[in-house]
There are 2 protein chains.
Amino acid sequence: MRGSGAQKVYETLRKAILELELDPGSPLDEVSLSAQFDMSRTPIREALVRLAAEGLVTTLPNRNTIVATIDFVRLPVYFEALSLMYRVTTRLAAINRRPEQLISIRAWQAAFAEAVERQDALAMIASNRDFHVAIAEAGGNPYFTQLFTRLLDEGRRILRLYYSSFDDRLPRQYVEEHELLVTAIEAGDADLSDRLGGEHAAQIVRQIQSYIARDQTGSMRLV
Amino acid sequence: MRGSGAQKVYETLRKAILELELDPGSPLDEVSLSAQFDMSRTPIREALVRLAAEGLVTTLPNRNTIVATIDFVRLPVYFEALSLMYRVTTRLAAINRRPEQLISIRAWQAAFAEAVERQDALAMIASNRDFHVAIAEAGGNPYFTQLFTRLLDEGRRILRLYYSSFDDRLPRQYVEEHELLVTAIEAGDADLSDRLGGEHAAQIVRQIQSYIARDQTGSMRLV
DNA sequence: TGTCGACAATTTGCGTGCAGAATGATAGGC
DNA sequence: GCCTATCATTCTGCACGCAAATTGTCGACA
């Protein structure tokens with residue numbers, strides 16, 4: 001069990017940040033964290049350094065570190081990167097997919113469909129993320145997979161802000177779109193996968209943007 | 001000068017790794033590094049954790065950490081990601097460029113041309129990298145800029161292995177291609193920039209691949 | 001002679017303490 | 001009454017020390 005201390009702190013904090021249990025901007029004090037995890041400050045610091053490198057926390061030099069804020073000004077740039085990664089990972093998956101990866105993709109698609117049936121928004125967000133990560137891994141390019149994973153995780157935080165506004169029309173549409181994606185990947189049709197991935201991304205971007213426009217606090221709060 | 005210890009170690013090690021002063025696979029011992037930098041092990045560890053998050057070193061749990069190896073098996077995947085980033089950053093730069101960014105781009109282009117004149121391969125590699133990073137920043141998407149920067153830095157290590165094989169035909173061609181790129185960006189022609197970026201990338205990939213094919217040790221050494 | 005097991009050495013992972021830096025509070029001057 | 005300068009507090013950055021884990025070596029046994 002040696003060497004698992006910092007790892008455990010890292011994973012716990014990462015999960016807490018992504019699931020918004022820790023509010024963006026809230027301070028992370030090393031000493032209170034060390035008391036909370038019943039460990040010394042050293043592994044805490046290592047976890048914070050790693051999270052900072054990932055962009056999930058911001059370290060203020062000689063002061064404290066805070067949970068990274070969700071910058072709504074950067075949202076267009078975020079959508080831009082997300083869309084491209086949707087397209088390229090889906091395209092590559094259509095080219096490089098292997099049977100066992102298709103099984104994994106189908107499994108997450110089933111989990112997502114089940115979450116939609118249960119109207120479980122949190123499970124939807126999580127399984128949707130894993131579904132697309134599985135596609136990215138089938139694409140076989142770790143550079144894209146890493147960036148995409150980071151973007152999807154950041155997206156979890158954004159989606160979590162709006163998950164209460166989910167109605168059940170769009171998620172069912174997502175299930176269908178996912179189904180088309182999987183079919184195109186299985187068929188090995190790169191251009192079709194690319195196009196479907198782009199449309200799927202555009203659809204999601206439109207949804208989030210309409211949610212943001214709906215509650216006008218979006219531009220002021222949660223800095 | 002407080003808080004600069006770990007930063008200094010990080011920057012020094014990063015530079016040494018990228019410039020191949022530290023051979024890929026060579027072990028990094030915390031105590032000897034701490035003696036070398038005349039500091040405690042704590043800031044050394046912090047620097048190593050950051051480098052590990054960036055993928056520049058590999059940490060073997062409960063053992064030592066080594067300089068990340070250049071995996072030639074992954075080279076196709078690397079080229080794939082590099083090409084896409086070449087294209088997308090150039091395209092975005094054509095759309096979002098601002099005057100002061102164009103000045104910066106032109107400055108690095110001049111530095112690159114001068115390095116070509118001087119036949120200074122090391123300066124060519126460095127200014128080429130900065131030239132494309134400037135374009136990426138003009139594109140205005142930090143997600144792409146970060147990935148592209150990482151790819152270009154990794155490319156510095158690869159290019160450094162072959163910089164002795166540079167003749168002066170290709171670099172001059174690069175200067176011309178860079179000139180075309182800048183012109184297209186200035187004109188705001190996104191499609192042309194995209195295409196030129198892709199061709200420039202393909203050109204570089206071809207060159208590196210031919211170098212690798214030329215000396216047959218490429219597939220066996222430097223793991 | 002080859003293989004297995006125990007031991008020593010090296011190195012990391014983590015605990016703890018101290019000094020420096022930044023912030024907020026308080027007192028003094030205008 | 002307001003602004004400024006000094007000080008106390010608090011937290012980080014770093015030094016140092018100990019214990020666990022792994023590796024390589026040496027010796028014993030088949």
Gap between atoms [atom1] and [atom2], on [X] and [N] respectively (whole Å):
| X | N | atom1 | atom2 | value |
| --- | --- | --- | --- | --- |
| K8(A) | dC14(C) | NZ | P | 13 Å |
| I44(B) | dG13(D) | CD1 | P | 16 Å |
| I66(A) | dC11(D) | CD1 | P | 16 Å |
| R50(B) | dG13(D) | CZ | P | 10 Å |
| E46(A) | dC14(C) | CD | P | 7 Å |
| D29(A) | dG13(D) | CG | P | 12 Å |
| D38(A) | dC14(C) | CG | C1' | 13 Å |
| E30(B) | dT10(C) | CD | P | 16 Å |

Checklist entry - To the side chain of N64(A), which of dC11(D), dA21(C), dT12(C) is closest? => result dC11(D)

Checklist entry - So which nucleotide from dC11(D), dA15(D), dT11(C) ends up closest to the side chain of V31(B)? => result dT11(C)

Item to check | 5'-most by nearest nucleotide on DNA chain D - P61(A) or N62(B) | outcome: P61(A)

Next on the checklist: Looking at the base of dG13(C), is there any donor atom on it, or on the side chain of T42(A), that sits under 3.5 Å from an acceptor on the other one?
Outcome noted: no

So, OP1 or OP2 of [N]: does either fall under 4.0 Å of a side-chain N or O from [X]?
| X | N | answer |
| --- | --- | --- |
| R63(B) | dT23(D) | yes |
| R41(B) | dC14(D) | no |
| S40(A) | dG15(C) | yes |

Item to check | Residue pair Q7(A) / R50(A), side-chain donor-acceptor N/O under 3.5 Å | outcome: yes

Item to check | R206(B) and Q203(B) side chains, donor-acceptor separation under 3.5 Å | outcome: yes

Item to check | 4.5 Å side-chain heavy-atom contact, T69(A) and T58(A) | outcome: no

Item to check | Closest approach of R157(B) to L20(B) (non-hydrogen atoms, all atoms of both residues) | outcome: O-CD1, 3.5 Å

Checklist entry - So which heavy atom on Y78(B) is nearest to which on L151(B), and how close? => result OH-O, 2.6 Å

Next on the checklist: Under 4.0 Å, heavy atoms only, any strand: does L28(B) hit a base, just the sugar-phosphate, or nothing?
Outcome noted: sugar-phosphate

